[in-house]
Participant: 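Before I ask anything, here is the structure I am working with.
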Amino acid sequence: MNSMSSQPKFTEERRRRLVLGELPQDFLRVSSQPLPDADQQLAIALDRQLNAPTCSPMGRLNITVDQAKLVKNYGIARMDPYARLRVGHCVYETQTDSNGGKNPRWNKVVQCLLPAGVNTISVEIYDECSFTMDELIAWAQVSIPASVFAGQTHEEWFPLSGKQGEGQEGAINLVLSYSTAPVSYGIAAAPPVMMVPRTGTGMLGYGAYAPVPVYQTPYPPPQAAAPQISAEDLKMVEEMFPNLDKEVVKSVLEANGGNKDAAINSLLQVSQ
């Protein structure tokens with residue numbers, strides 16, 4: 001009897017030792033403030049990084065998405081392809097080449113900040129559809145050549161993967177150049193990066209990705225207008241490199257600020 005009567009007393013004494021003070025008001029309650037998801041946290045972190053006063057300068061990467069040669073036209077009508085690039089956390093798109101089919105041409109120049117440690121570019125090519133989701137045609141993971149970081153202009157046809165197999169869907173022509181000139185950071189009045197759902201295979205063929213919210217991401221400030229290039233200089237450089245596409249020659253000349261001698265040196269490196 002003594003042992004049984006002492007049991008409640010022992011339990012009460014133990015409870016007093018374990019519970020110290022009053023419990024907080026939100027104990028075991030779900031917070032009413034929703035936590036930001038991973039994409040929003042990423043956008044906020046990148047914004048703070050780019051706008052921090054002690055942020056070290058990042059290089060500027062110039063990408064000319066010239067054209068692509070695909071092995072197959074999917075669908076009954078000619079495809080309307082456009083290209084999408086991912087550099088770091090930012091996504092860029094070319095215009096749609098209506099009825100481009102297997103040989104779309106864009107000649108789209110993308111100027112973007114290249115964060116430290118980023119040395120690859122993700123490329124996707126889609127067929128724009130009117131009544132269904134745009135279809136992913138081909139993709140590639142492009143490694144930026146070391147010569148680009150050394151200041152050289154690099155042009156190459158990079159193989160594309162897709163339904164035909166790895167590296168068997170055709171190729172895309174890119175012209176890459178890199179500048180380490182200091183740039184100012186900020187958020188420009190531009191639409192946010194659009195991450196939309198797609199049917200079929202997702203980025204780089206690793207499975208379809210679900211819809212995600214759209215957040216404002218930092219963009220570099222608007223670039224200055226393209227330098228004025230005289231028709232005589234352009235014609236002379238084109239005649240020196242008859243085997244290169246004229247649009248590529250023009251893009252390299254613009255990337256070198258209209259400097260004819262610098263453009264010739266860059267094109268000599270490309271044509272080697």
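No experiment lies behind these values; they were computed from the predicted model shown.
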Participant: Is Asn62 reaching over with its side chain to a backbone N or O of Gln111, donor-acceptor style, under 3.5 angstrom?
Facilitator: no

Participant: Provide the closest heavy-atom pair for Asp80 versus Thr96 in the form atom of the first, atom of the second, distance.
Facilitator: O-CG2, 3.4 Å

Participant: Is there a side-chain contact between Leu174 and Glu156 in this structure, where contact means two heavy atoms from C-beta onward sitting under 4.5 Å apart?
Facilitator: no

Participant: side-chain contact (heavy atoms from CB on, under 4.5 Å) for Val65 and Ile172? Distances and angles first, verdict last.
Facilitator: CA-CA 8 Å; Val65 189; Ile172 186 169; 4.0 Å; yes

Participant: Below 4.5 Å, heavy atoms only, C-beta onward: do Leu176 and Thr153 meet side chain to side chain?
Facilitator: no

Participant: Grab the two heavy atoms, one from Gly162 and one from Trp139, that are nearest each other, plus how far apart they are.
Facilitator: CA-CH2, 3.7 Å

Participant: Within the structure provided, determine whether Pro115 and Val118 are in side-chain contact (heavy-atom separation under 4.5 Å).
Facilitator: yes

Participant: Test your reading of the model: is there a side-chain donor-acceptor pair from Asp134 to the backbone of Tyr126, 3.5 Å cut-off?
Facilitator: no

Participant: In the single-linkage hydrophobic clustering (I, L, V, M, F, W, Y; side-chain heavy atoms under 4.5 Å), do Leu160 and Val71 co-cluster?
Facilitator: no

Participant: Given 3.5 Å as the limit, does a donor-acceptor pair link the side chain of Asn73 with the main chain of Met79, or not?
Facilitator: yes

Participant: Step through the shown structure and confirm whether more than 12 heavy atoms of other residues, nucleotides or ligands are within 6.0 Å of CD on Gln95.
Facilitator: yes

Participant: Minimum heavy-atom separation for Ser122 and Gln141, please, with both atom names.
Facilitator: OG-OE1, 3.0 Å

Participant: With clusters defined by side-chain heavy atoms of hydrophobic residues (ILVMFWY) lying less than 4.5 Å apart, directly or transitively, does Ile264 cluster with Val175?
Facilitator: yes

Participant: Hey, are the side chains of Glu169 and Ser161 touching, using non-hydrogen atoms and a 4.5 Å cut-off?
Facilitator: no

Participant: CD1 of Ile121 to CZ of Phe158: how many Å apart, nearest 0.5 Å?
Facilitator: 7.5 Å

Participant: Picking from Glu124, Lys108, Glu128, what satisfies side-chain contact (heavy atoms from CB on, under 4.5 Å) with Tyr82?
Facilitator: Glu128

Participant: Going by heavy atoms in the side chains, are Ile144 and Leu61 under 4.5 Å from each other?
Facilitator: yes

Participant: Is there a side-chain contact between Val87 and Leu114 in this structure, where contact means two heavy atoms from C-beta onward sitting under 4.5 Å apart?
Facilitator: yes

Participant: I'd like to know whether Val91 forms a side-chain contact (heavy atoms from CB on, under 4.5 Å) with Arg84, so could you lay out the CA-CA distance, the side-chain angles of the two residues, the decisive distance to 0.1 Å, and finally the verdict.
Facilitator: CA-CA 7 Å; Val91 178; Arg84 171 180 292 176; 3.5 Å; yes

Participant: Test of understanding: clusters of I, L, V, M, F, W, Y form through side-chain heavy atoms closer than 4.5 Å, transitively. Do Trp157 and Val123 belong to the same one?
Facilitator: no

Participant: Taking Asp233 for its side chain and Val237 for its backbone only, find out whether a donor-acceptor pair lies under 3.5 Å.
Facilitator: no

Participant: Check for me, please, whether Tyr92 and Ile137 land in the same ILVMFWY cluster - side-chain distances under 4.5 Å, paths through other members count.
Facilitator: yes

Participant: With rounding to the nearest 0.5 Å, note down the distance linking CD in Glu135 to SG in Cys129.
Facilitator: 6.5 Å

Participant: State plainly whether one hydrophobic cluster holds both Val109 and Val148, where clusters connect Ile, Leu, Val, Met, Phe, Trp and Tyr through side-chain heavy atoms under 4.5 angstrom apart.
Facilitator: no

Participant: Quick check for you: to the nearest 0.5 Å, what is the distance between Thr94 atom OG1 and Ile63 atom CD1?
Facilitator: 12.0 Å

Participant: With no hydrogens and no angle check, do the side chains of Gln152 and His154 hold a donor and an acceptor under 3.5 Å apart?
Facilitator: no

Participant: Nearest 0.5 Å please: distance from the NZ atom of Lys102 over to the NZ atom of Lys69.
Facilitator: 11.5 Å

Participant: If only side-chain N and O atoms count, and only distance matters, is there a donor-acceptor pair under 3.5 Å linking Glu155 with Asn173?
Facilitator: yes

Participant: Roughly how far apart are Lys72 NZ and Gln168 CD, rounded to 0.5 Å?
Facilitator: 14.0 Å

Participant: Does Ile125 reach the side chain of Leu70, with side-chain heavy atoms less than 4.5 Å apart?
Facilitator: yes

